[in-house]
Amino acid sequence: MINFVLRRLGLALLVSLTVSFLSFMLIFLSGDPAVAIAGEGASMADIEAVRSQYGFDRPILVQYFAWLGQAVQGNFGNSYYFNLPVTDLVADRLSVTVKLGLCGMGFALITAIPLGVIAAMRPNSIVDRTALLFSVVGQAIPSFWFGLILIVVFAVQLRWLPASGTDSWKNFVMPTIVLGYYAMPAIMRLTRAGMLDVLNSDFIRTARAKGSSELRVMFKHGLRNAIIPVVSLAAVQMGFMLGGSIVVESIFALNGAGYLAWESIARNDLPTVQALILIFSMFYIVFTLIADVLNACLDPRMRSS
Amino acid sequence: MKRLRNFAQALAATCLALSVAPAFADKANDTLKVAFTGEINNVDSYFNTTRGGVVLQRAIWDGLVHRDTATGEYVGNLATSWEWIDDTTLEFKLREGVVFHDGSPFTADDVVGTVEFIANPDSGVVTQRFVSWLAGAEKIDDLTVRLNLAEVFPSALEYLSGPISIYPSDYYAEVGPDGMGLKPIGTGPYRVESVKPGESYLLKKNEDYFDGPKGSPDIGTIDIRTIPDVNTQIAELFTGNINVAWRLPSDLAQKLDGTPGVMVTSASSIRVGFLMMDSAGRTGDTPLTDVRVRQAINHAINRQEMVDSLLKGGSKVVNTPCFPEQFGCVQEYVEYQYDPEKAKALLAEAGYDDGLSIEIYAFSNQDYVEAVAGYLSQVGITLDIKMLKFPAVLDKMMNDAAPMVFMSSGSWSLNDVSAIISEFFKHGAVDFARDDEILEWLDVADTAVDPEVRKEYYGKAIMKITEQAYWAPMFSYNTFYAFTDDVDYTPTNDEILHFVNMKWK
């Protein structure tokens, strides 16, 4: 088990390095960072001054390794845009994103898994069809639209919830629903499919024949086996949520890391983009790792392979 | 997807407009809540490149002089009077009894400290164009100071009334630009309570503000938050969680207009939109080097129709490569009336009866660019539209790869054509014309002390630019503002929110 984890960690490091190298190159391809820093309407003299001040006149590879050398020492430099330490900036924004991601995932799991199980218990019934409709709608509604509708109803008309900001837990209710509802359908469908598969297998018949209660059959014998692919999917979704809630963060003005990443790309703010990409890729890698370990706990067969 | 999004936004805006009785704003606790769309990079104005940062600068600090937005005249602000000693020396008498927000007195040392800092290229001031004309400053006595100019610079007072603010020199030397950005101190009508970079800014009325030309602040607290999505801003306006939203898209502003409790106003802005055409042939062999093709393009676009149906409000058709009310924007030019037949004839004369295709680069206002493409297609010109991010477009321009660009310039709110014509026609990388004669005239106009001489030479340049159709000047922009109806404020044409002039009704 320890070997397995170590090997995965080593791989994770290589993946992060590759990602950071590629993103560094892509940013240079997308336009001159000096132009972005000098801002719209900057004169040529402004841009030249910025270029030499930030060292953009050096070869790209030299610049990349200079960055890497600092980064491995934990120094991500200052944001070109805010001129503040990237570490502070990212830490501040990340706390919002992590909160939102965890709440969104929690919401998705709490709604998706029971719905999936119930749908599987009575396939093709009204309950199943309703659950299907619910998930199809979730898949089909674009988040920005759903977010706006929630704002119109709950913030503007009913005045129950604030439309934007991060002042209290109330600010997170609507974003959580929007983000969670987006991730929910896939988890629910996978749970349902897994349950249907498992419920037809021999050991379930055996369990029922033993006289186990239906609840016990469903959750102890059924769900435990059906959930394995769901764990993997949820891990990937979690990585996505922590890095990709740009739309939700922007609609509800949450000022999180996703929005910061999006804006920093537009501003060619290399140090910030690089730090965020490194963190986001680490999220993916760590969550996939956690999923593997969890699966190994759920299914002893996986431990040996 | 984009269309779907537009549709969704329109629908949401309509739902909002139809269904809502707006709440009462925060007049009760004397807090004006303002939404900014973009993140401000640094509140220190010498390291800021955003419009929101300029708004903060005008609230927190003062300049030596002030330009009255109504009359256009310069009056003393931190200075009470001034005198040109020679062409490159300007002497100021300073106002007595002014104090900074931290209680320290304002003296000649602060002027010297600030000017010496910003004039030094090593200080890394990002907006070099605002400061490069300054060489330094010397103190004559506590209330008299001389500015030394690096060159003859006739628009000095305009710059001193705009981007150049006076900082407390001891404090600035101690904390530097980053410290100033996080904890700004100035003499202005509002002092800064807190800054959360990129997120929020809390300002309090400066109770000790001197009786100056800006007026005196009325509203106690200004609470500014970054809300990136305009639709969310509108929702917050309805719920009374914000009182001010600005720079709204025109279609959204139109929908909001007439909603009870919300007041939509617009002010014409100094920003001018234009098409730049590669007349110098920098991109290689392009039809745009033929003056008839450029004139045809000027004739083919119905600018009045674009102003009426797309920009609306106070925007106007512009025939000059500058904003008509700017100093030096002489209104004598060759006019190109909307005349598609004439455009076709000019194209035929140039040998393009079968039509032609041109790439156009743009970074904003896609709707305007598409309208232009529509007009041009009617005379046989196919535009291949490339929408890119601003740095990418500028990259293309600097590397001679953009035959045509849709651009706009707000002249950095400076009321002097040197901020636009001289920027685009003095053989820099963004000069698409590279006309030697124009360069010569602009050199004279930029450095002449006599305003009449300046006007004469800018006028010559404007005449030739329009005659040669180097650009297709299009229109002036328009800024839409939305306020809750308890806010009393008349917007100005400089694209700046002046908190000091805002009151409760």
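A note on names: the letters A, B, ... follow the listed sequences, proteins ahead of strands, and every chain is numbered from 1. Computed from heavy atoms alone, side chains included, the values below leave out hydrogens, waters and symmetry copies.
Only the side chain of Tyr259(A) comes within contact range of chain B, with at least one heavy atom under 4.5 Å from a heavy atom of that chain. Only the side chain of Thr50(B) comes within contact range of chain A, judged by heavy atoms closer than 4.5 Å. Neither the backbone nor the side chain of Met407(B) comes within less than 4.5 Å of any heavy atom in chain A. Heavy atoms closer than 4.5 Å to chain A are found in the backbone of Ile40(B), but not in its side chain. Interface remark: Ser422(B) contributes no atoms to any contact with chain A (heavy atom separation under 4.5 Å). When heavy atoms are compared at a cutoff of 4.5 Å, Asp92(A) approaches chain B solely by way of its side chain, counted from C-beta outward.
Distance check: Thr166(A) OG1 to Lys196(B) NZ gives 5.5 Å after rounding to the nearest 0.5 Å. Rounding to the nearest 0.5 Å gives a distance of 9.0 Å between CZ of Arg267(A) and OG1 of Thr49(B). Atoms OG and CZ, from Ser164(A) and Arg225(B) in turn, are 3.5 Å apart once rounded to the nearest 0.5 Å. The CZ atom of Phe82(A) sits 4.0 Å away from atom CD of Glu39(B), with the distance rounded to the nearest 0.5 Å. Note: Asn41(B) CG to Leu84(A) CG = 10.0 Å, rounded to the nearest 0.5 Å. In this structure, the separation between CG on Asn268(A) and CG on Asp395(B) is 9.5 Å, given to the nearest 0.5 Å.
At most 12 non-hydrogen atoms from other residues, nucleotides or ligands lie less than 6.0 angstrom from CZ of Phe154(A). Residue Phe146(A) places its CZ atom among more than 12 non-hydrogen atoms of other residues, nucleotides or ligands, all under 6.0 Å distant. Residue Lys183(B) qualifies as open at atom NZ: its count of foreign heavy atoms under 6.0 Å is 12 or below. More than 12 heavy atoms of other residues, nucleotides or ligands shown are found within 6.0 angstrom of CH2 on Trp133(B).
Nearest heavy-atom pair across Val156(A) and Ala235(B) is CG2-CB, 3.7 Å. Pro197(B) and Arg93(A) make their closest contact through O-NH2, 3.3 Å (heavy atoms, listed as atom of the first residue, atom of the second, distance).
Ranked by non-hydrogen atom pairs under 4.5 Å with chain B, the options Gly147(A), Ala163(A), Ala266(A) are led by Ala163(A).
In this structure, the side chain of Thr232(B) engages the main chain of Ile251(A) through a donor-acceptor pair within 3.5 Å.
Judged by distance alone, the side chains of Asn83(A) and Asn42(B) never bring a donor and an acceptor atom under 3.5 Å apart.
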